[in-house]
Every structure is written in structure tokens, then in C-alpha cells.
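First the proteins, then the strands, lettered A, B, ... as listed; each starts at 1.
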Amino acid sequence: MTTLILATLALAPLAAWLGGRSAKVATLLALWPLGLTVWFASALRILLQGGVVTDHVAWIPSLGLNLSFRLDGLSAVFALMITGIGTLIVVYGAHYLDGHPERGRFQASLFAFMAAMLGVVLTDNLFTLFVFWELTGFTSFLLIGFDHEKESSRRAATQALIVTGAGGLALLAAAVLISQVTGTLTIPELLSDRGLLTNHASYLPIVVLVLLAAFTKSAQFPFHFWLPGAMAAPTPVSAYLHSATMVKAGVYLVARLTPVLGGTLLWELPLVIIGGLTMLGGAYRAVQETDLKRVLAYSTVSALGTLFLLLGLGSEAAFTAAIVYLVAHACYKGALFQVAGVVDHATGTRDIRRLAGLRALLPQTSLAGLLAAASMVGLPLTIGFVAKELVYEAGLKYALSPFALVPAVVVGSALLGVCGLLAGFGPFFTPGAPPEGSHRASAGLWFGPLTLAVLGLLFGSAPGLTSGVFSLAASAVAGRSVEAHLALWHGLGLPLGLSALTLLLVALLYRARKLVRARAWPRSLGFERGFTGFLRIMDFISGRIGPPLQESSLASYALTFVLSAGTLVGVGYYLTAERVSLDGLLDVRAYELAISGLIILGAIGAVRARTTMTAVLCLGTSGYGVALTFLLFGAPDLAMTQFAAETLTAVIFVFVFWQFPRVDQASARLVKLRDAIIACGCGVLVTLLALDSATLPTTRRLSDFYAEAAPSLAHGRNIVNVILVDFRAFDTLGEITVLVTAAVGVVALLRIAAAERQGG
Amino acid sequence: MNLLFPLSPLLVTGFGALLLMLTEAFGTPRVRAAAGEEVVDAGAGRSGELALGAAVVLLAGAVLSVAVWLAGPAASPELKLLEPWLVFDGVALFMSFVLCLGGAFTALLAGGYLPEHQIDRGEFFPLLILATLGAQVLSASGDLLMLFVGLETMSLAVYAMIGLRRGSARAVEAALKYFLLGSFAAALMLFGGALLYGATGHTDLRGIGQAVASIGQPESTVNAGLVLLGLTLNLVGLAFKVSAVPFHMWTPDAYEGAPTPTTTFMAVAVKTAAFAILMRLLLTSFGDERAMSWGAGWPPVLALLAIVTMTVANLIAGRQESVKRMLAYSSIAHAGYVLIGLVATMRSPIEGQASVMVYLLTYTVSTAGAFGALILCGSRGAEAVSYDDLAGIGRRHPAAALVFTLFLLSLAGMPPTAGFFGKLYIFRAAIDSELYWLTVLGLLNSLVAAYYYLRVIVSMYFREPAPGAPVATPMRSGLVTGALVLAAFLVLAIGLAPATPLAMALGSLTGG
């Protein structure tokens with residue numbers, strides 16, 4: 001499996017090349033996903049015999065990261081959807097984008113996405129799952145933003161990326177927490193000790209993070225807004241990513257982790273509530289829309305809500321229903337999206353108020369639309385019917401409150417049924433003339449939707465065909481063996497009655513569709529606006545923070561620096577200040593006071609000076625004062641160095657500042673005051689520090705060491721000599737090296753000067 | 001006494017710098033100064049050759065660092081003789097490798113950049129190697145005085161490298177700002193070192209550590225207050241060098257005003273060396289239980305610095321119009337992530353240090369690559385600096401855009417690049433140390449950061465230059481291309497086989 005996934009990724013460049021050719025050549029690309037479908041289908045045999053297909057490649061052993069893949073019932077259902085529908089989409093996309101200058105890029109991104117998506121559903125390691133999860137986000141960014149000339153596509157792509165990317169981070173955080181608790185990230189090992197997590201203190205954050213990741217990826221309330229926005233993508237992308245694959249990654253995550261994290265109210269209740277809200281809200285918004293693709297987008301949001309709701313119910317019946325519903329939805333929604341694309345392609349519009357009477361023009365497409373709509377409405381013999389019966393059954397068995405749940409599900413289903421009719425029935429069978437300029441569709445366009453729609457009919461009419469696989473998948477979700485009972489006829493019972501009621505509601509609502517559209521209120525809850533508002537606020541905040549923090553004037557930098565450092569040191573001093581002792585410090589002689597006065601006067605003069613030259617001279621006075629102090633307290637060498645440095649500095653300053661202007665740009669009074677306060681604060685702090693260090697014992701004298709060690713260690717009496725050639729021989733060597741190096745530099749400078757003279 | 005081999009990473013850079021300087025002093029300039037132009041030095045017109053020479057020297061340093069590392073401490077017991085002044089242990093060798101690598105990238109980039117932008121001057125390369133040498137010494141120093149010598153060797157060379165373009169007011173302004181504030185920071189560090197010496201009687205880090213550890217015991221004579229102040233002052237000085245907020249003010253100006261190869265060096269090597277010595281200082285001298293506790297030690301201060309640094313830098317970075325400036329802020333933000341790793345040493349010292357080391361490596365290759373790609377995207381007289389300059393590069397120069405994208409993804413921490421694993425290790429270490437809030441803030445910050453990195457990608461691929469606007473054309477330079485290929489290879493190699501650097505970092509710490 002590792003090879004298959006990596007090969008799919010590696011084929012992306014080939015796809016770019018072939019996809020850029022004519023539609024016929026590009027169709028050949030479908031052979032690869034078709035082969036994958038056959039491979040996964042044949043692997044089903046092993047699964048049905050009770051086996052599991054695994055593949056293990058060591059990646060980063062020290063971190064416990066391996067590329068290990070595992071195919072069980074749940075993964076197989078997803079993998080077959082990804083590769084099967086992928087095959088149809090490659091064909092469909094080749095014809096839909098025929099003549100588009102960048103159709104090669106589309107096929108390449110599609111292959112990369114397919115590889116990432118397969119990785120998500122096949123890996124058995126949470127961390128690798130996260131990596132592939134983010135890759136699907138990134139490749140879908142490229143696909144949604146395919147028409148990158150349009151501002152709206154770019155915005156939609158970025159929005160989808162930010163929302164799902166944030167969810168991915170939540171998944172990473174959850175994975176880290178899980179590995180902290182259990183010490184492992186492989187899903188089979190997690191399954192083996194499931195009580196550990198549910199009883200741990202980190203259970204709550206883990207559940208919140210996992211659900212956050214799933215809800216953002218699968219467009220659940222209140223993160224649902226990115227999915228309708230993502231309809232800016234070309235229709236093949238919507239049909240693939242936004243009906244069958246990427247948006248179902250969140251569902252996959254929750255289903256995969258249900259045996260590990262599930263079985264508690266904390267896990268199930270949010271799923272039921274958010275799923276239920278999204279189911280109703282999405283369906284309600286869907287019937288108000290007039291754009292074909294937006295109708296389908298909102299109905300997808302609603303269907304995803306239903307799936308989460310079912311997973312949250314937690315019963316075996318509900319898990320079975322979820323799996324069947326998942327497949328049913330992929331079949332009819334994938335078909336309907338493609339139908340919408342064909343209609344758009346043929347007529348140039350997606351406005352359902354203008355679309356009518358297309359049956360004669362697009363006979364095959366209308367058949368596909370009809371079959372898919374029948375499945376979505378839930379007519380018998382379709383897989384949609386089977387799924388709906390199972391959903392009602394699961395709802396009726398819900399222990400907590402079937403009375404609130406069942407009506408909600410019925411209303412949701414009815415509204416979704418209306419959407420099905422709006423998309424698959426209305427454009428073809430509403431009496432009226434097709435929009436002007438409509439043309440026929442090529443076989444490559446109607447092949448995909450028709451295949452999917454017929455598959456839906458096949459699965460629905462012969463449920464025995466699929467029940468084995470569905471049982472396996474439901475067992476994987478439940479964590480124990482589940483037998484799925486799929487049947488054409490569930491017998492007379494409440495579910496059948498509810499189905500009939502649903503059909504009646506669908507018929508009534510569809511007849512009154514214009515009224516529903518016109519009267520519906522409220523239209524939007526404004527989460528998308530909230531999201532853009534949030535981004536704008538972030539922008540605003542950073543705009544406000546930025547300029548004051550970045551004045552680009554040296555004075556303000558120095559000010560910040562001094563203040564920050566002063567605060568840190570001041571706080572440190574405050575925390576540890578014990579003693580400021582003036583003992584022995586008050587014994588001051590008159591000439592010492594005079595020197596101190598000289599230093600202070602020099603400092604004041606430097607600040608108040610009008611010309612740079614005066615300032616430099618005043619500063620020099622201060623420096624000489626300090627040097628005198630050194631001299632008085634028995635450090636003549638230090639004093640000599642200080643004198644030399646001060647003199648040299650003053651000389652250099654005089655040379656450099658000779659041509660500088662006067663410093664009249666005196667600061668404002670308030671600024672001066674502020675600076676004075678800060679300067680005095682720093683002065684006080686440094687004084688305190690100096691007093692503090694004066695309390696230290698100063699008994700260590702280096703000269704004693706040399707006097708003692710010179711005769712005994714180096715056998716020499718001349719201490720200075722011994723120091724230079726014995727104790728500090730390397731220093732001396734270093735000094736010589738430095739001198740030579742400096743000389744080389746001087747030579748270089750001289751040569752430049754010579755060259756300049758010649759040149760000038 | 002066999003010190004030549006274990007010390008070879010330092011010797012190669014030291015003598016390499018001198019050698020280049022000699023050729024600089026005694027060679028003949030290839031171009032003569034035209035009347036009225038800037039003075040031409042002996043290395044003028046020879047940037048390509050000098051760059052190649054410098055890159056060879058620095059790569060040799062990197063290779064030798066690894067070789068000595070592989071030989072292990074048992075192979076060179078003589079190294080103990082250099083302690084405590086130079087502690088050339090596994091960590092120092094790892095850092096030396098990273099620093100030489102960063103220096104080599106800079107050399108290759110400069111070889112293309114300097115002639116392209118008419119600052120074809122030879123002294124850049126000896127300065128670069130000297131700065132790298134200073135950085136190596138800094139990261140390996142085990143004594144406060146050695147630390148200062150290393151710091152100043154590195155810094156003085158870098159000041160000159162910033163002001164290389166003497167005719168440009170902005171470059172001079174950048175150099176002056178960095179120099180003045182840098183001197184101030186160095187003075188603070190010196191003051192802090194004096195206080196530490198006064199309080200403990202030691203200038204070597206281990207001796208200070210023993211004295212600090214004795215605080216609180218009845219017979220201890222160490223003045224705890226002075227130790228704290230000494231530590232604070234040293235922290236301020238090093239926070240300046242790693243450009244942590246609020247000591248970061250100089251960074252954007254200096255990074256923007258400097259020639260881009262110098263910017264690369266500052267972002268990569270200067271930061272790495274400063275973090276290396278910060279880590280050594282904290283764990284050697286302040287590594288006892290009390291100093292590393294949350295209640296009475298340095299971790300909360302660093303945690304606060306980390307949060308402020310990441311948040312402020314990321315928020316401002318998103319608003320920059322210049323990509324170069326954005327990368328400057330991004331490098332500030334990355335300092336914040338590294339600080340998280342340092343805080344994480346509090347409870348898991350080995351993992352924390354290893355995460356910092358790996359992060360610095362991944363950060364070095366990604367950042368050097370990103371600046372290199374920016375260099376590549378501009379040509380004579382038209383440096384690509386703003387987002388608009390990069391518009392449409394994706395279509396016109398797919399290869400340049402592709403590598404740029406790779407480095408940006410790595411900086412953003414997207415799998416499967418090197419940057420992702422750098423971040424992963426840091427956050428894992430933080431979680432091991434139960435720093436959950438810090439981790440969450442770090443994650444949120446990387447999300448914000450992804451936004452502005454993506455903006456560059458969007459500019460390159462999804463936008464077209466405004467009609468009539470000057471279009472940046474990538475330069476042609478084998479050296480720059482070579483640097484980018486090497487960096488891209490490393491970004492992908494570390495991203496696909498991240499176990500090796502992690503094992504090296506862990507091995508450096510455990511002696512394995």
C-alpha cells in the first residue's frame with residue numbers, strides 16, 4: 001500500500017503532462033485510479049475472510065514513526081470511494097476542462113490529493129494521519145484556487161485552508177496528548193486498551209480537540225461556511241472533494257476513533273447536538289439557494305451533519321446506518337454535482353430559476369439526474385431508500401430521546417429530498433424552454449454521473465452485494481462484530497411509515513418551492529462574515545501594534561532597550577534586595593568629593609551642551625574623573641588605560657565631528673522630562689548595584705599567586721618575565737599573531753591608498 | 001599532544017580567514033576604480049573565487065566538525081586541557097557544524113550577490129570566516145571571558161559586513177544602529193559577568209554553577225542577589241543577540257539595510273551561536289534544581305520572553321510589505337520557538353536541549369534557503385524585496401519559485417520539510433515538561449505565521465505584476481544555485497529522515 005500511495009503521488013508530474021494533452025489522452029489517466037479500485041476491491045476478499053491487509057515501512061524509528069498502513073472494513077469503504085469516484089472524476093475533469101490552458105495542473109493536483117486522501121484513510125498511525133490530513137488541506141487549497149485569476153476563488157481557497165488548517169493543528173495537539181497518555185500512536189494499540197483514555201484527566205481536552213478537527217474538516221456548524229464558499233472550485237473538484245472525499249475525512253476520523261474514545265456521553269452528545277443542528281440548518285439553507293452548486297453544497301453540509309449524528313447515537317444500528325448513508329450520499333451527491341457541472345457546461349448558467357426542459361437536449365444526463373434524485377429522495381430500490389430506513393430505525397432506537405430526534409431527522413430528510421429534486425429533476429423535467437445557446441454534452445461528461453447513479457440503483461436493488469463490506473466497516477466503528485441487515489423490504493413498521501411521510505413532505509415542499517425560497521427567514525447567521533471580521537480585527541490589531549513598536553529611530557530603540565533591561569534588572573533587584581550597607585562608605589575625603597563633583601559636572605555638561613564638540617569634551621572630563629578615582633584607589637594600570645582611552649576617543653571624536661552641525665534640534669519639554677526620569681532611574685539602579693557589590697569580600701589578590709608560583713613552578717625571579725614567557729606564553733603568542741594580522745590589514749589599506757593616488 | 005585533529009574545525013576557519021586576508025592584501029584587483037567611483041580593494045572583481053574559497057573553508061569546517069563528532073570524546077582526551085576556557089564537547093561540535101554550514105551558505109550567496117549588486121569587494125569573505133570563527137568560539141566557550149572574546153570577534157566582523165555598501169545611507173544607518181545597541185548589550189553582559197565573578201569568585205561557567213548550586217546551604221557565602229542580577233544582565237545581552245522582543249528593535253532595520261547575504265548570516269549563524277551559549281550558560285551555571293524551578297529560577301522569565309517574542313513578531317510580520325522585512329520578523333518569531341525549547345529543559349533537560357539543537361539546524365537550512373531564494377529572484381540593480389516584486393515568478397521562473405516555496409513551507413513548519421520536525425521536537429519537549437499553555441500559544445503562533453508565508457507563495461503563483469511595473473528577473477549565478485540546491489536537499493533530507501539529526505543531538509548530550 002505504501003508503494004501504491006507513493007506511486008500515486010509520483011504520478012502527479014506525469015498527470016500534469018498527459019492531462020495537458022487532449023481530452024482523449026487525459027482520459028487514459030483514469031487507468032491508474034481504476035487499477036487502484038480493482039486492487040482494493042480484490043483485497044475485499046481477504047477482508048471478508050476475516051483478514052486484515054497491513055504494510056509496514058520504518059520511517060523514523062527513534063520517534064516511533066513508521067509508515068504503516070492497514071486496510072480494514074472502514075478503510076476499504078473509504079478507499080473504494082476515493083479511487084472509484086476518483087476514476088470517474090479524472091474522466092469527467094478531462095472533458096469538463098477540455099481546452100482549459102492549465103488542465104494539466106488540475107490532473108496533477110488531483111493525483112496528489114488522491115494520494116494524500118488514501119494516506120488519511122489507510123494509515124494506522126495518528127501522527128501519519130495528521131501529516132496526510134494536512135496534505136489534503138494543502139492540495140485542496142490548490143484545487144479550490146484552481147481559477148486563481150478570480151479574486152473570489154483565491155479568497156475561498158484561503159478561507160478553506162485556514163479553517164481546515166486550524167482543525168489540523170487541533171488534531172496534532174490531540175495526537176500529542178493521546179501519545180502522552182497511552183505512550184503509543186498506532187491505532188490498533190490504542191484499540192487494545194481503550195479504558196485508559198476515557199478515564200484519564202486529559203480525556204476532555206482530547207475529545208474537544210478531536211471533534212474540533214473533525215468538525216472543521218467536515219464543515220460542521222459553526223465552521224460550515226467554508227464549504228459553500230469552496231464552490232468557487234471547478235465542478236469536478238466539488239464533485240470529488242466536497243461530496244465524496246475530503247469533507248468525509250472528519251467523519252472518518254470520528255468513526256476511526258469511536259472505539260477508542262467513544263461510548264461516553266462526553267463523546268456522543270456533542271456529535272448528536274452539533275450533527276443534528278448542522279443537519280437541520282444545512283438542509284434549511286439548501287432549499288433557499290438558487291445556485292445549483294450552492295444547493296448541493298448546503299445539502300452536503302446537512303448530510304455530513306446526519307453522519308455525525310448517527311455516529312453520536314452510538315448503537316450498532318446507527319453505525320450501520322452511518323456507513324450505508326455514507327456510501328449512498330457519495331453515490332447520489334457525486335452524481336448530482338457532476339450533473340450540475342454538465343448543466344452549467346451546456347447552458348452557461350446554474351440558476352435553478354432559469355433552468356427548465358433540458359431533458360431532450362441532455363437525455364443521458366437527465367437520466368443520471370433522475371436516478372440520483374430518486375436515491376436522494378429515498379424512493380424504494382435505490383440505496384438512498386435503504387439508508388433512510390436504517391437511519392429511521394437507528395433514530396427510533398435512540399435511548400436518550402427518540403421523540404425529539406426522529407421528527408428532526410424526518411424534516412431534515414424531507415428538505416434534503418427537495419434539494420435532490422431541485423438539482424436532479426427540476427432542470428430537466430420542469431416544463432419550459434432551455435436557456436438560449438444551450439448545447440449538447442459529450443459522452444465523457446455524462447459517463448461519470450450516469451455510472452454513479454446506476455451504481456446507487458444497483459446497490460439499492462441488490463443489497464446482498466454490499467452487506468458483507470458494510471458489516472465489516474460497521475464492526476470497525478463499533479469495535480466489535482456487527483452484522484448489517486440490508487434488505488429491500490424491512491417489513492411494515494414505523495420506519496416505513498416515516499419514509500412514506502418523508503416522501504409526502506418532499507412532494508408538498510417541492511410544489512411550494514418558490515414560496516419556501518421567498519419566505520424563508522432567517523437567511524444566514526453570518527458566520528462567514530464573523531470569520532472575515534475576525535481576520536480583519538487581527539489585521540487591525542497588528543496594524544495598531546506595529547507602528548509604535550517600529551519607529552525606526554535609534555533614540556526610541558535605545559529607550560525601549562534601556563527601559564526593558566532596567567525593568568528586568570530592577571525587578572530582580574527588588575526581589576533580592578536585602579542590604580544596602582553604607583558602612584565604611586561614608587568615610588569620604590574632600591578631594592574625593594571634588595573628583596566626584598567633576599564627574600557629575602561633566603555628565604550634566606554633556607547633556608546640556610549645544611555643540612557636539614562641547615559634549616565630547618564634557619564627556620571626556622567625566623572619564624578623566626573616573627580615571628583619577630582609579631588612581632586614588634590603587635589601580636594605576638587601570639587608570640593609565642582609562643586615560644589613554646579617553647584621550648584617544650576625544651581625539652577621534654574631534655576629527656569626526658569637526659564638520660557636524662550644532663545639535664539644536666532640542667527635544668520637547670515633555671520628552672526631555674521623560675528621558676531625564678528614565679536616565680535618573682537607571683542611575684539610581686546602577687548606584688544601588690555598585691553599593692551592593694561593594695559589600696563583597698575582596699581578599700583574592702592575583703599578585704600573591706604569581707609571587708608564590710614564580711620561583712616554585714617557573715624557576716624564575718623576575719615575575720614580569722615569568723608571566724610573559726611562562727604563565728601567559730600563549731597570550732604572548734596570540735598578541736604577536738594579532739600584531740601580524742593587523743600589519744597585514746595595514747598593508748592592504750596602504751595599497752588601496754596607493755591605488756587611489758594613482759587613479760585620482 | 002594531539003590537539004590538531006579535535007581542534008581542526010576552529011583551526012580551519014582561523015587559518016582560512018588569515019589566508020583569504022593575505023590574498024586580499026597581496027593579490028591584484030581585477031577591476032580598476034573608474035574616476036569618481038568607490039575605492040577598489042585588492043579583492044575587487046574576485047568575489048566568485050573568494051566566495052568559493054570561503055565556502056570551501058567553511059564547508060571543511062562543517063565536515064571536520066562532524067568528523068570530530070563521530071570520533072567521539074574518547075578519541076581526543078587532550079581536549080580536556082582546554083577546559084574550562086573552551087568546552088569542545090558534542091554540543092559545541094554540533095553547533096560548530098550548524099554555524100559553518102550557515103557561514104558556507106552565506107559565502108556562496110555572497111559570491112553571487114555582491115558582483116550582481118556592484119559591491120564586489122573582497123573583504124567580505126575574510127570577515128565572514130572570522131565572524132564564523134567568533135561564533136564557533138562563542139558557542140564552545142566555557143568561561144565568561146572567552147564568551148566575551150567570541151562574542152566580540154563575531155559582532156565586530158558582522159558590524160562591518162552590514163556596512164559593506166558604504167555608499168548607501170540605509171546600510172550605514174543599519175550598521176550604526178546595530179553597532180550602538182550591540183555595544184550597549186555587550187557592556188551589559190560585561191557588567192553582568194563582573195557581578196557573577198564578584199558573587200561567586202569564578203569566571204568559568206562550571207565554577208559559577210557550583211557556587212550557584214550552593215546557594216541556600218548554610219555554609220554558602222554566595223550573594224544570591226548579585227547572582228540574580230548578573231544572570232539578568234547576561235540574559236538581556238543574549239536576548240539582544242537572538243533578537244527576542246523587546247530587545248529586537250534593531251533587527252528589522254539591520255536585516256533590511258544590510259546586504260542580503262549579511263542578513264542571512266545574522267539570521268542564521270549569529271542567532272545560532274547566541275542560542276548555543278545561552279543554553280550552555282543556563283544549563284552549566286544555572287542548571288541546579290533551584291535555578292531551574294518554575295518558582296525561583298529563570299524558566300518563567302524565558303517563557304514570558306518566548307510568548308511576547310512569538311506573538312509580537314508574528315502579528316507585525318503579517319503586515320510587512322517587504323518580504324525581506326517579513327523574513328526579519330519571521331526570524332524573531334523563530335527565536336520565540338527556540339526559547340520554548342530552552343524553557344522545556346527545565347523538566348526534561350536532554351530532550352529540551354536536543355530539540356533546541358535540531359531546531360537551530362532546521363532553521364538554519366530553511367532560513368538560509370529562503371534568503372537565498374530572495375537573492376536569486378532579484379538581479380542587477382533590482383533586488384526583489386516586496387511582494388509585488390515576486391508576482392508572477394511562479395510562471396516565469398518555476399524552478400526559483402519552487403525552491404522558494406519549499407523553504408517557506410519549511411519555515412511555516414509544514415510536513416514533510418525539515419521545519420516541521422524542528423517544531424515537532426520543540427513542542428514535544430515542551431509537552432514533556434508539562435508546558436501546555438506555552439505549547440498551545442506556540443501552535444497558535446505557527447498558524448498565524450503560516451498566513452504570511454503563504455502570502456509569498458500566493459504572490460509568486462497567483463498574481464501577475466502590475467502592468468508597467470518593473471519585473472524582477474532572477475540572476476544567473478552558479479554559486480547561488482549551488483547554495484539553494486544544497487539547502488533544498490537538506491530541507492527535504494531532514495524532512496524525510498529526521499531521525500539522524502535527532503540521534504546526533506541526543507548523542508551529543510548523552511555522550512553516545
Side-chain angles (χ1 to χ4, degrees), chain A residues 60-63 130-131 134-135 138 145 148-149 154 158 161-162 165-166 169 172-173 176-177 180 538-539 541-543 545-546 549-550 552 554 556-558 560-565 568-569 572-573 575-578 689 692-693 695-697 700 741 744-745 747-748 751-752 755-756 759-760, chain B residues 18 21-22 24-26 29 32-33 35 39-42 176-177 180-181 184 188 195 198-199 201 221 223-226 228-229 232-233 235-236 240 246-247 249-250 252-253 301 312 315-316 318-319 414-416 427-428 431 439-440 443 446-447 450-451 454 458 461-462 497-499 502-503:
Chain A
I60 317 170
S62 62
L63 268 185
F130 159 76
V131 174
E134 290 295 53
L135 272 179
F138 185 66
H148 55 73
E149 277 85 10
R154 289 203 303 263
T158 318
L161 186 70
I162 292 177
L169 281 181
L172 178 62
V176 170
L177 279 180
Q180 291 293 313
M538 295 299 282
D539 225 29
I541 293 175
S542 87
I545 294 183
L549 282 181
Q550 209 55 55
S552 85
L554 184 58
S556 73
Y557 291 179
T560 319
F561 195 112
V562 170
L563 261 184
S564 314
L568 262 180
V569 175
Y573 186 82
L575 286 178
T576 57
E578 310 157 6
L689 282 180
D692 225 13
S693 26
T695 61
L696 289 171
R700 289 180 294 266
T741 313
V744 171
V747 169
R751 280 165 56 89
I752 291 173
E756 198 176 28
Chain B
L18 292 182
M21 218 164 84
L22 283 177
E24 162 80 354
F26 298 105
R32 290 266 156 213
V39 179
V40 176
D41 66 325
L176 192 70
K177 273 180 180 164
L180 287 176
L181 291 175
F184 187 51
L188 287 184
L195 288 180
T221 54
N223 181 338
L226 281 189
L228 177 71
L229 292 173
T232 315
L233 288 170
L235 273 185
V236 169
F240 173 87
F247 307 104
M249 317 291 291
W250 56 276
D253 288 356
V301 181
V312 170
L315 281 180
I316 305 181
R319 291 196 67 83
M414 300 255 183
F427 290 142
R428 255 171 60 114
I431 285 181
T439 315
V440 168
L443 280 172
S446 17
L447 182 66
Y451 163 74
L454 276 177
V458 167
Y461 283 102
F462 295 168
L502 183 66

Legend entry - Closest heavy-atom pair and its distance - A/Ser564, B/Phe247: CB-CE2, 3.5 Å
Inset, instruction - Using the side-chain contact (heavy atoms from CB on, under 4.5 Å) rule, take B/Phe427 and A/Leu172 through it: C-alpha gap first, then chi angles, then the decisive distance, then the call. - result: CA-CA 11 Å; B/Phe427 290 142; A/Leu172 178 62; 5.8 Å; no
Legend entry - Beyond-backbone contact of B/Leu233 with A/Leu568, side-chain heavy atoms, under 4.5 angstrom: no
Legend entry - Proximal component of B/Leu443, with respect to chain A [non-hydrogen, under 4.5 Å]: both
Legend entry - chain A contact via B/Leu176 - side chain, backbone, both or neither, heavy atoms under 4.5 Å: neither
Legend entry - chain A contact via B/Leu235 - which portion, at a heavy-atom distance below 4.5 Å: neither
Inset, instruction - Go through the atoms of A/Val569 and report whether side chain, backbone, both or neither lie under 4.5 Å from a heavy atom of chain B. - result: both
Legend entry - Between CG on residue B/Leu454 and CZ on residue A/Phe138, distance to nearest 0.5 Å: 7.0 Å
Inset, instruction - Quick one: pull up CD1 in B/Ile431 and CG in A/Leu177 and give me the separation to the nearest 0.5 Å. - result: 6.0 Å
Inset, instruction - State the CG-OH distance between B/Leu181 and A/Tyr557, to the nearest 0.5 angstrom. - result: 9.0 Å
Inset, instruction - Find out whether B/Tyr451 and A/Leu161 are in side-chain contact, i.e. whether some heavy atom of one side chain is under 4.5 Å from a heavy atom of the other. - result: no
Legend entry - Residue selection (most heavy-atom pairs with chain B, distance under 4.5 Å) from A/Val747, A/Val562, A/Leu169: A/Leu169
Legend entry - Contact class of A/Val176 relative to chain B, heavy atoms under 4.5 angstrom: side chain
Inset, instruction - Can you tell which part of B/Val440 gets under 4.5 Å to a heavy atom of chain A, answering side chain, backbone, both or neither? - result: neither
Inset, instruction - Please state whether the side chain, the backbone, both or neither of A/Leu563 comes within less than 4.5 Å of a heavy atom of chain B. - result: neither
